[in-house]
Amino acid sequence: MMNVNMRVLGIETSCDETGVAIYDSKHGLLANQLHSQIALHADYGGVVPELASRDHIKKLVPLVQAALAEAKLSAQDINGIAYTSGPGLVGALLVGATVASSLAYAWKVPAIAVHHLEGHLLAPMLEDNSPEFPFVALLVSGGHTQLISVTGVGEYTLLGESVDDAAGEAFDKTAKLLGLDYPGGAMLSKLACQGNATRFHFPRPMTDRPGLDFSFSGLKTFAANTVYNSADDQQTKADIARAFEDAVVDTLIIKCKRALEKTGFNRLVIAGGVSANLTLRQELIKMMKKRGSRVFFARPEFCTDNGAMIAYAGLLRLSAKIDTSLAVSVKARWPLSDLPPVIR
Ligand code: KG4
Ligand code: ZN
């Protein structure tokens, strides 16, 4: 990738996870520390931005120290600092951006503002057999559902996206309807394993017309009506979870196929929190096998928010010798297609 060995400290604070990692251009991931705020927000049924920022302030510096200790490195061994600059909660982003810029100033190294979704998108490259360009990426997180044509680092063309709720958001809202704790995506999926797939049938939104956009808010309403009109027993809940998950997975698969056909690419990458979903992974493995190709994804802890993906994306950008700045930069909204390409 590059001649000089480079070690980047990555900082993620865009939402409810404080993540810090160190990625080495020669030796790969040297440290990965994560603190999840799930317990902090559980009573509120969702992320409380002010509480998130305060908790990042408490946890971030100790996690940086823990990452250095895990990697058996000191500050002088770090060549650059990458931090999530957006999109996300502004207060939470400011914590990471401020700490990153301050450390970069003190350690006399560059700081690089990383796009959270670029982090997710490149996370499968942290694994062995990482995907080569070009590929179609399905980015499915708590805040985004996007299909993207990826021809290189920073070469992203949006093919389609959700016109309302993100897939993860729909999982979480439906989980709440079923009485599961926030964020219920993973728990809904577990419950769905015990469900009967034939008892309920949910629609596959926006699949009966051409195009690559998604809509998931109707599914959540469909789930609400089904819950309202059904008995309150555990098996019924599992059956609803199963019908909901099957509908989301089917819909995502139909759109992935269309995106592959439209671009002519034969590789598919899935990233973001919902790409940890086992049914989605299994069904996509089958679908891609039939096409004589394969789907790439990261291990589950690198699908949800983490510092490793930010360190890695930061390394790719820093090693391309692009301009860096110590200015604290955060963006609540930031289209992925605004990123400059990395010239290799
Ligand atoms: O990427 P992520 O950690 O945060 C954002 O950037 O949004 O994604 C979190 C989302 C949540 O909505 C969570 O419920 C969902 O990913 N999620 C899952 C699973 N694991 C996490 N959804 C379905 N099945 C899972 N196994
Ligand atoms: Zn994320």
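In listed order, ligands and their atoms are each counted from 1. Note that the structure is predicted; figures quoted are calculated from it, not measured.
- Summarising the geometry of A175 relative to L188, their closest heavy-atom pair is N-CD1, 3.7 Å, with the distance given to 0.1 Å.
- Judged by a 6.0 Å distance limit and a 45° cone about the ring axis, R242 is not positioned over the six-membered ring of F244.
- The minimum heavy-atom distance linking D305 with E17 is given by the pair CB-OE1, 3.7 Å.
- Closest of all the heavy-atom pairs between V95 and L60 is O-CD2, 4.0 Å.
- Within 6.0 Å of CG in D232 there are 12 or fewer heavy atoms belonging to other residues, nucleotides or ligands.
- Between V90 and A332, the shortest heavy-atom distance links the atoms CG2-CB, 3.7 Å.
- Clustering ILVMFWY residues whenever any of their side-chain heavy atoms sit less than 4.5 angstrom apart, transitively, puts V295 in the very cluster that holds V249.
- Near the Zn ion (ligand 2), less than 2.8 Å away, sit the protein N, O or S atoms H116 NE2, H120 NE2, D305 OD1.
- Around atom NZ of K262, no more than 12 heavy atoms belonging to other residues, nucleotides or ligands sit under 6.0 Å away.
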Could you list each N/O atom of ligand 1 together with any protein N/O atom closer than 3.5 Å, one pair per line with the distance?
residue, atom, partner, partner atom, Å
ligand 1, 1 (O), H120, NE2, 3.0
ligand 1, 1 (O), G273, N, 3.0
ligand 1, 1 (O), D305, OD1, 3.4
ligand 1, 3 (O), D305, N, 3.0
ligand 1, 3 (O), D305, OD1, 3.3
ligand 1, 4 (O), D305, OD1, 3.3
ligand 1, 4 (O), D305, OD2, 3.4
ligand 1, 6 (O), H116, NE2, 3.1
ligand 1, 6 (O), D305, OD1, 3.3
ligand 1, 7 (O), G142, N, 2.8
ligand 1, 7 (O), G143, N, 3.3
ligand 1, 8 (O), G142, N, 3.4
ligand 1, 12 (O), G168, O, 3.2
ligand 1, 12 (O), D172, OD1, 3.4
ligand 1, 12 (O), D172, OD2, 2.7
ligand 1, 14 (O), D172, OD1, 2.5
ligand 1, 14 (O), G185, N, 3.2
ligand 1, 20 (N), G273, O, 3.4
ligand 1, 24 (N), N277, ND2, 3.0

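- Counting heavy atoms from C-beta outward, N196 and R199 have side chains that approach closer than 4.5 Å.
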